[in-house]
Amino acid sequence: MWWSLDLNTKMEVISRNTVEVVTLEELRSKFEVGYKVKGYLGFEPSGLFHIGWLIWALKYRDLVNAGVEMYLLEATWHAWINDKLGGDMELIRTAAKHVVSVLKYIGVDIDRVRVVDAEELVSDREYWGILIKVAKSASLARVRRALTIMGRKIEEGEADFSKLIYPLMQVSDIFYLGLDIALGGLDQRKAHMLARDVAEKLGFKKPIAIHTPLLTSLQGTSRMDHKGELDEVLSDSKMSKSRPESAIFITDSDEAIRSKIMNAYCPLRQVDFNPILEIAKYIIFYEEPRDFIIERKAKYGGPLEITTYKELEELYVAGSLHPLDLKSAVAKYVVDMIRPIRDNVFREYGDMVSKITSHHQ
RNA sequence: CCCGCCGUAGCUCAGCGGUAGAGCGCCCGGCUGUAGUGUGGGGGCGCAGUUACCGGGUGGUCGGGGGUUCGAAUCCCCCCGGCGGGACCA
């Protein structure tokens, strides 16, 4: 268990499969000092759990297992600000609960997690005091720079003012809970950096930011042929709920999962922006070694058995593994992984699922 | 966190190894014109006062701290602050 982990093992467990830890040195010294390290992840209950979230969920599990005292913030008010689920707070709250359940099913020791609803934070006037302090210590331009995409539309007058409060709340959440670590997908970077910027000025702990990768959309990124237009290629590539066919949901049937994977973008021998390889890397091979069997007819080379992602990638780059065989294998493992979770979600949150599903239409 | 630019007078900035500057503002004075006012009108005088002009004056820890140098606003290092950019969005 965690108390038996030595420092180097902790550091390894926490930093694996992340895009970055800002900064590793700060994290190490926190552990060296030896006091109870507190971390959190805030998630916006915006709909059904999808496979992209699994990446931060697994990282969350790592942090819990590494002995970090983890908070899980149900960012219900934040979802409201971002007009998620039609602003239906009841539905948002239920959606939040189903995410907590999924975490439990993937093996997060939920008894050691402190689940907090944003409702609790905003009910405390101290929270709003912190928020005003944060607001006073950052210029309008600085806050605007920390905005999500949604918020950036303010410039065009397409968004309401509450979007500007959003990053202030994210920062206030961290300070209010007294956290050492802020975990999130790479898309949370701007808010985390704002928190780091103003923390010392206000006498709060400067949070260490841990960012997990974002999965490429199953549709991939077209326009790869434009040389040097990386930005253009990268745009529009995150796996997102707004386009159901681009993501695998925890509620998808075995057939739906297989079909989405088989139809996914998966260029021969190419690693970059290859959603199937990413799923293999960040989800199937999250923990290594792992037994991974690729069934193949003898005329295509026969079955393959590997244990690490590195082996898989090498085979693929070498052209020894055809996209179709890769997809079949990945689909099998994803289906096996999701099936039990899905069954539980339907059992506990069947009503919510149908509500949200109808909401999508 | 990374990259780039910036921080010099109240404001906008120039100067980028050799005496800290300009424009604007501000203060004092002058003058011309103008509206108001004392007192019914005019003149004079006074008060008050807008704009433009003229003259004079006021302007500074050159963001902070170290270093290099005979000499630093200027070059180097560290820090603080600001703006922009940074895989989703654009």
Side-chain angles (χ1 to χ4, degrees), chain A residues 14-15 17-30 42-44 46-47 50-56 78 81-84 134-159 163-164 166-167 170-171 174 180-203 205-224 226 228-243 246-247 265 270-275 277-278 281-282:
Chain A
I14 290 177
S15 58
N17 280 334
T18 61
V19 180
E20 61 177 356
V21 176
V22 183
T23 63
L24 277 167
E25 294 71 32
E26 291 172 35
L27 183 64
R28 178 174 286 272
S29 58
K30 288 268 186 190
F43 70 91
E44 206 180 83
S46 56
H50 69 89
I51 197 172
W53 290 9
L54 230 33
I55 296 178
W56 61 251
H78 313 62
I81 286 177
N82 271 347
D83 310 309
K84 294 298 165 61
V134 171
K136 289 191 82 65
S137 61
S139 70
L140 175 58
R142 183 67 189 82
V143 174
R144 195 191 289 130
R145 216 162 75 75
L147 287 183
T148 56
I149 316 84
M150 196 67 81
R152 292 215 156 186
K153 292 191 173 160
I154 281 182
E155 334 245 317
E156 296 112 62
E158 290 174 22
K163 306 296 183 285
L164 268 164
Y166 196 104
Q170 283 181 284
V171 173
I174 292 168
D180 303 287
I181 297 175
L183 170 65
L186 190 58
D187 49 349
Q188 301 307 307
R189 198 172 203 283
K190 285 167 185 284
H192 292 163
M193 290 307 165
L194 178 59
R196 286 176 62 82
D197 275 359
V198 301
E200 282 169 337
K201 224 189 294 187
L202 296 177
K205 284 191 277 190
K206 190 173 183 175
I208 293 155
I210 300 178
H211 299 132
T212 54
L214 304 173
L215 273 191
T216 298
S217 157
L218 290 177
Q219 248 70 79
T221 59
S222 48
R223 314 190 297 276
M224 286 295 287
H226 297 168
E229 305 243 344
L230 193 61
D231 282 355
E232 193 183 332
V233 169
L234 290 172
S235 73
D236 226 26
S237 59
K238 187 179 79 164
M239 187 171 277
S240 117
K241 300 164 299 300
S242 47
R243 287 169 302 155
S246 76
Y265 173 74
Q270 185 185 307
V271 176
D272 293 337
F273 311 111
N274 184 326
L277 278 179
E278 287 179 10
K281 180 178 185 180
Y282 296 121

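To find a chain, count down the sequence lines: A is the first, B the second, and so on, and within it residues start at 1. These values consider heavy atoms only, across backbone and side chains, with no hydrogens, waters or symmetry-generated copies.
When rounded to the nearest whole Å, the span between CZ of A:Arg142 and P of B:rG81 equals 12 Å. In this structure, CD of A:Glu25 is placed 13 Å from C1' of B:rC2, rounded to the nearest angstrom. Taking atom CG of residue A:Asn82 and atom C1' of nucleotide B:rC89, one finds them 12 Å apart after rounding to whole Å. Distance CD (A:Glu44) to C1' (B:rC89): 14 Å, rounded to an integer number of Å. Whole-Å rounding puts the A:Glu278 CD to B:rA87 P distance at 16 Å. In this structure, the CD atom of A:Glu20 is 11 Å from the P atom of B:rA87, given to the nearest Å. Note: CZ (A:Arg196) to P (B:rG81) measures 13 Å, nearest angstrom. The CG-P distance, from A:Asp187 to B:rC1, rounds to 20 Å in whole Å.
Nearest to the side chain of A:Val19, among B:rA87, B:rG82, B:rC1, sits B:rA87. With B:rC83, B:rC1, B:rG82 as the candidates, the nucleotide lying closest to the side chain of A:Glu26 is B:rC1. Side chain of A:Leu214, nearest nucleotide from B:rC83, B:rA87, B:rG81: B:rA87.
Nucleotide B:rG55: paired with B:rC28 (Watson-Crick or G-U wobble, both distances less than 3.5 Å). Shown here, B:rU69 forms no base pair; nothing in the strands shown gives a Watson-Crick or G-U wobble contact with both key distances under 3.5 Å. Nucleotide B:rG49 is matched to nothing when pairs are restricted to Watson-Crick or G-U wobble geometry with both distances under 3.5 angstrom. Applying the Watson-Crick and G-U wobble criteria (two distances, each under 3.5 Å), B:rG84 pairs with B:rC3.
For the P atoms, the distance linking B:rU69 with B:rG57 amounts to 41 Å, nearest Å. Of the P atoms belonging to B:rA73 and B:rG67, the separation is 15 Å, rounded to the nearest Å. Between the P atoms of B:rC76 and B:rG56, the separation comes to 41 Å (whole Å). Comparing B:rC45 with B:rG23, their P atoms sit 36 Å apart, to the nearest whole Å. When the C1' atom is compared between B:rA20 and B:rG46, the two are found 46 Å apart, to the nearest whole Å. Taking the P atoms as reference points, B:rU74 lies 14 Å from B:rU19, given to the whole Å. Between B:rG7 and B:rA14, the two P atoms lie 7 Å apart (nearest whole Å). A gap of 47 Å separates the C1' atoms of B:rU68 and B:rG55, to the nearest Å.
In summary, A:Lys163 and A:Asp83 engage in a salt bridge, as defined by a charged side-chain N under 4.0 Å from a carboxylate O.
Ring orientation note: the planes of A:His211 and A:His192 are close to parallel, at an angle under 30° on the 30°/60° scale.
Considering only heavy atoms from C-beta on, A:Val143 stays 4.5 Å or farther from A:Val134 through its side chain. Between A:Pro213 and A:Leu186 the shortest side-chain heavy-atom distance does not fall below 4.5 Å. Contact of the A:Gln270 side chain with the A:Tyr265 side chain is registered, since non-hydrogen atoms from C-beta on lie closer than 4.5 Å. Here the side chains of A:Asn82 and A:Tyr166 are in contact, with some heavy-atom distance below 4.5 Å.
Both A:Leu140 and A:Leu186 lie near RNA chain B, and the one whose nearest nucleotide falls closer to the 5' end is A:Leu140. If you find the closest nucleotide of RNA chain B to A:Val22 and to A:Ala141, the one lying nearer the 5' end belongs to A:Val22.
Here A:Lys205 pairs with A:Asp180 under the salt bridge (Lys or Arg N to Asp or Glu O under 4.0 Å) rule; sequence neighbours left out.
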Just the atom pairs and distances: protein N or O near nucleotides 3-6 of chain B's N or O, under 3.5 Å.
none

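At the phosphate of B:rG85, neither OP1 nor OP2 sits under 4.0 Å from any side-chain N or O atom of A:Lys190.
One N or O on the side chain of A:Thr23 and one on the backbone of A:Glu26 form a donor-acceptor pair closer than 3.5 Å. Between the side chain of A:Glu44 and the backbone N or O of A:Ser46, no donor-acceptor pair lies under 3.5 Å. In this structure a side-chain-to-backbone donor-acceptor pair under 3.5 Å is missing from A:Arg196 to A:Ala191. In this structure a side-chain-to-backbone donor-acceptor pair under 3.5 Å is present from A:Glu278 to A:Thr216.
Contact annotation: side chain of A:Arg145 to base of B:rG85, donor-acceptor pair present below 3.5 Å.
The stretch residues 205-212 of chain A touches RNA chain B through A:Lys206, each having a heavy atom under 4.0 angstrom from the strand.
Among the atoms of the strands shown, base atoms are found under 4.0 Å from some heavy atom of A:Arg189.
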Under the side chain to side chain contact (heavy atoms under 4.5 Å, CB included) rule, what do A:Leu164 and A:Leu140 come out as? Steps first, then yes or no, please.
CA-CA 9 Å; A:Leu164 268 164; A:Leu140 175 58; 4.1 Å; yes
